[in-house]
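Since the structure is predicted, the reported quantities are computational estimates derived from the model, not experimental observations.
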Amino acid sequence: MFALADCNNFYVSCERVFRPDLNHTPVVILSNNDGCIIARSEEAKALGLKMGEPVFRRKQLIRKHQVQVFSSNYPLYGDLSQRVMDTLRQEVPHVEVYSIDEAFLELTNFPGDLNKWAEKLIRKVWRNTGIPVSVGIGPTKTLAKIASKAAKQGTGSFVICNNRHRDCLIRNTAIEKVWGIGRQYHKLLSTHHIHTAFDFTRVDDLWLRQKMKVMGLRIKKELLGESCIPLERMASQKKAIATTRAFGKKTNELRLLREAVATYAARCAEKLRKQRSTASLLTVFIHTDPFNPNEPPYNQSKSLPLPIATNSTKELIHYALMLLDIIFKAGYLYKKAGVIVDGLEPEQHRQLGLYDTTDREKEGALTRTIDELNHRMGRDRIRIAIQGNGKEWKLRQENLSQRYTTNWDEIPVVNV
């Protein structure tokens with residue numbers, strides 16, 4: 001048996017943990033640069049606010065119904081997500097973190113009443129974190145995911161106990177809601193009058209193999225209760241790492257682009273060190289606003305195989321700025337830049353060069369110390385000078401809440 005613990009309206013719930021006055025109030029969370037709606041409370045959904053729509057188009061409705069609007073506060077969301085996952089690990093030994101607000105739990109050979117256990121888990125997560133969760137339980141990960149959606153519409157938990165439960169659930173599950181069925185497969189299946197998960201289980205295996213390859217057969221077996229997707233017990237290492245951002249304000253200055261690219265390269269280096277990897281390929285890109293026909297377009301990128309695979313902030317910034325100088329052209333208003341590292345390999349397997357004179361041991365000790373200080377004192381308290389302070393190009397976040405759990409200066413104050 002598998003369980004899927006899914007946080008309800010996660011970003012909104014994170015804001016409500018420290019702002020109980022927001023309960024029963026319509027709340028929306030915006031994307032980078034406060035562009036589009038990416039999360040909504042149930043009250044906001046009831047008003048007709050849609051996922052992904054530009055917020056400027058709904059200003060009148062937002063003002064009329066006094067909808068509370070927040071910029072994305074990723075430090076807060078990431079920290080509360082970690083606290084939720086730590087609570088789940090206290091209950092079961094094997095947890096697969098699927099996304100920032102979802103985790104699969106393995107319950108095979110679990111003794112006791114699963115319904116009562118799920119209710120207890122929901123209460124414990126709420127007590128420890130203030131985040132509401134729904135729990136779906138089934139004999140496969142696909143069925144557990146469907147059960148978690150049913151749990152959100154009911155009491156908060158849903159357990160598939162037998163085939164009758166399963167068939168009733170999948171008869172009422174639209175095919176596009178099934179894990180693994182994307183937009184193109186949905187179109188294909190709709191043309192063949194396959195509209196529910198139950199319809200899918202009645203499709204001939206040979207047809208599925210021809211149209212959807214092994215994935216189609218795997219989904220069918222999972223829907224019928226045969227587990228084909230095991231729990232990933234180890235955190236999977238990223239095969240590539242990217243840091244890309246749209247600027248809060250367009251710029252034509254190379255100086256500001258150098259600050260941004262240096263900062264993005266530093267972020268990539270931090271992520272590499274966190275998973276104990278090094279990168280052997282570096283890519284930098286810049287481009288103008290693709291949606292503004294009144295500005296001349298420019299989109300360019302450049303890649304460089306690194307002489308020695310590295311996760312050093314200093315080295316990645318050096319090579320990233322070198323690539324930026326090559327692709328930069330004056331006279332354009334740049335909207336976005338990014339740094340991508342690829343060719344990742346474990347840090348301990350790095351192949352050194354015959355003529356490499358860098359003291360890698362000393363460099364590693366330095367970066368570990370900087371990482372530790374930044375973790376303790378706050379991001380970028382120690383940084384390379386070329387990164388600047390980001391005030392002229394950083395993301396627009398006009399409605400940002402406090403980083404209640406990750407910044408000493410923003411910890412809530414209780415007045416007695």
>> What I want to check is whether the side chains of Ser312 and Arg273 have a donor and an acceptor closer together than 3.5 Å.
In response: no
>> Other residues, nucleotides and ligands only: do more than 12 of their heavy atoms fall within 6.0 Å of CE on Met215?
In response: no
>> Set out, in order, the CA-CA distance, both residues' side-chain angles and the distance that settles salt bridge (charged side-chain N to carboxylate O under 4.0 Å, His left out) for Lys59 and Glu53, then state yes or no.
In response: CA-CA 11 Å; Lys59 279 188 176 180; Glu53 66 178 339; over 6 Å; no
> Does a side-chain heavy-atom distance below 4.5 Å link Lys220 with Val203?
Replying inline: no
> Where the side chain of Arg383 meets the backbone of Gly388, is there a donor-acceptor pair that is under 3.5 Å apart?
Replying inline: yes
> What are the two closest heavy atoms between Ile327 and Lys302, and how far apart are they?
Replying inline: CG2-CB, 3.5 Å
Tell me which donor-acceptor pairs under 3.5 Å the side chains of residues 147-156 have, and how far apart each pair is, sequence neighbours excluded?
from	atom 1	to	atom 2	distance (Å)
Ser148	OG	Lys145	O	2.7
Lys152	NZ	Asn8	OD1	2.8

> Side chains of Arg40 and Met51: closer than 4.5 Å at any heavy-atom pair?
Replying inline: yes
> Any sub-3.5 Å donor-acceptor pair from Asp289's side-chain atoms to Phe291's backbone N or O?
Replying inline: yes
>> Could you tell me if the side chain of Val178 sits less than 4.5 Å from the side chain of Glu222, heavy atoms only?
In response: no
> In Å, rounded to the nearest 0.5 Å, how long is the span from CD1 of Ile160 to CD1 of Ile146?
Replying inline: 7.0 Å
> Is any side-chain N of the basic residue among Asp325 and Arg258 closer than 4.0 Å to the acidic one's carboxylate O?
Replying inline: yes
> What distance do Ile382 atom CD1 and Gln387 atom CD have between them, rounded to the nearest 0.5 Å?
Replying inline: 11.5 Å
>> Do Lys124 and Gln90 pair up side chain to side chain, a donor and an acceptor below 3.5 Å, judged on atom types alone?
In response: yes
> Any salt bridge (charged side-chain N to carboxylate O under 4.0 Å, His left out) pairs touching residues 175-189, not counting sequence neighbours?
Replying inline: none
> Parallel under 30°, tilted from 30 to 60°, perpendicular over 60°: which one fits the rings of Tyr77 and Tyr11?
Replying inline: parallel
> Passes side chain to side chain contact (heavy atoms under 4.5 Å, CB included), Leu30 versus Ile37? Steps please.
Replying inline: CA-CA 5 Å; Leu30 305 183; Ile37 296 171; 4.1 Å; yes
>> Please determine whether side chain to side chain contact (heavy atoms under 4.5 Å, CB included) holds for the pair Thr288 and Leu333, giving the CA-CA distance in whole Å, both sets of side-chain angles, and the decisive distance to 0.1 Å.
In response: CA-CA 6 Å; Thr288 55; Leu333 278 175; 5.5 Å; no
>> Taking atom CZ as the centre, does Arg209 end up with more than 12 heavy-atom neighbours from other residues, nucleotides or ligands that are less than 6.0 angstrom away?
In response: no
> Can Ser71 and Asp34 be counted as having a side-chain donor-acceptor contact under 3.5 angstrom?
Replying inline: yes
> Under a 4.0 Å N-O cut-off, is there an ion pair linking Arg376 with Glu372?
Replying inline: yes
> For atom CZ of Arg89, is the number of surrounding heavy atoms from other residues, nucleotides or ligands below 6.0 Å larger than 12?
Replying inline: yes
> Strictly by modelled atom types, are Gln402 and Asn407 linked by a side-chain donor-acceptor pair under 3.5 Å?
Replying inline: no
> If you round to the nearest 0.5 Å, how far is OG of Ser72 from CD of Gln397?
Replying inline: 7.5 Å
> Is there side-chain contact between Glu42 and Asn9, with at least one heavy-atom pair below 4.5 Å?
Replying inline: yes
>> Under 3.5 Å, is there a donor on one side chain and an acceptor on the other for Asn311 and Thr278?
In response: no
> Considering all heavy atoms of both residues, which atom of Leu272 and which atom of Ala279 are nearest to each other, and what is their separation?
Replying inline: CD1-CB, 3.9 Å
>> Are more than 12 heavy atoms, taken from residues, nucleotides or ligands other than His195, located less than 6.0 Å from that residue's NE2 atom?
In response: yes
> Between Leu49 and Leu61, does a side chain to side chain contact (heavy atoms under 4.5 Å, CB included) hold up when you go through it step by step?
Replying inline: CA-CA 9 Å; Leu49 293 167; Leu61 184 145; 3.8 Å; yes
> In terms of side-chain heavy atoms, does Ser277 have a donor or acceptor partner in Gln275 at a distance below 3.5 Å?
Replying inline: yes
> Which heavy atom in Ala118 sits nearest to a heavy atom in Ile137, and how many Å separate them?
Replying inline: CB-CD1, 4.1 Å
> Could Glu295 and Lys335 be called an ion pair, given the rule that one side-chain N must be under 4.0 Å from one carboxylate O?
Replying inline: no
>> Nearest 0.5 Å, please: how far is CZ in Phe198 from OG1 in Thr173?
In response: 12.0 Å
> Considering only heavy atoms from C-beta outward, does the side chain of Tyr298 approach that of His287 to under 4.5 Å?
Replying inline: no
> Any side-chain heavy atom of Leu47 sitting closer than 4.5 Å to one from Val67?
Replying inline: yes
>> With ring pair (Phe, Tyr, Trp, His ring centres under 6.0 Å) as the criterion, how do Phe104 and Phe2 come out once you've worked through the C-alpha distance, each side chain's angles and the decisive distance to 0.1 Å?
In response: CA-CA 7 Å; Phe104 285 104; Phe2 297 91; 7.3 Å; no
> Phe247 and Ala260: which non-hydrogen atoms are nearest, and at how many Å?
Replying inline: CE2-CB, 3.7 Å
> Rounded to the nearest 0.5 Å, how far does CD1 of Ile181 lie from CD1 of Ile175?
Replying inline: 4.5 Å
> Just wondering, do Arg19 and Leu22 contact through their side chains at under 4.5 Å, heavy atoms?
Replying inline: yes
>> Checking side-chain polar atoms at under 3.5 Å, does Glu15 have a donor or acceptor matched by the opposite partner on Ser401?
In response: yes
>> Please find the pair of heavy atoms, one from Arg245 and one from Thr243, that lie closest to each other, and give the distance.
In response: NH1-CG2, 4.1 Å
> If only atom types and distance count, is the side chain of Asp342 paired as donor or acceptor with the main-chain N or O of Ser280 below 3.5 Å?
Replying inline: no
> Are Leu169 and Phe158 side-chain neighbours, meaning at least one heavy-atom pair lies under 4.5 Å?
Replying inline: yes
>> Strictly distance-based, threshold 3.5 Å: is any side-chain N or O of Ser41 a donor or acceptor partner for the main-chain N or O of Val27?
In response: yes
> What's the shortest heavy-atom distance between Val125 and Ile131, and which atoms?
Replying inline: CG1-O, 3.6 Å
> Which distance, rounded to the nearest 0.5 Å, do you find between the CD of Glu102 and the CD of Glu96?
Replying inline: 10.5 Å
>> Is there a side-chain hydrogen bond (donor to acceptor under 3.5 Å, both in side chains) between Gln68 and Thr25? Walk through the geometry before answering.
In response: CA-CA 8 Å; Gln68 299 297 305; Thr25 299; over 6 Å; no
> Under the ring pair (Phe, Tyr, Trp, His ring centres under 6.0 Å) criterion, do Phe328 and Tyr334 qualify, and how do the steps go?
Replying inline: CA-CA 10 Å; Phe328 174 78; Tyr334 293 97; 5.6 Å; yes
> Should we count NZ of Lys271 as having more than 12 external heavy atoms under 6.0 Å?
Replying inline: yes
> Who passes salt bridge (Lys or Arg N to Asp or Glu O under 4.0 Å) against Lys314, sequence neighbours left out?
Replying inline: Glu363
> Can you check side chain to side chain contact (heavy atoms under 4.5 Å, CB included) on Arg267 and Asp380, steps first, answer last?
Replying inline: CA-CA 10 Å; Arg267 295 285 179 268; Asp380 288 341; 2.6 Å; yes
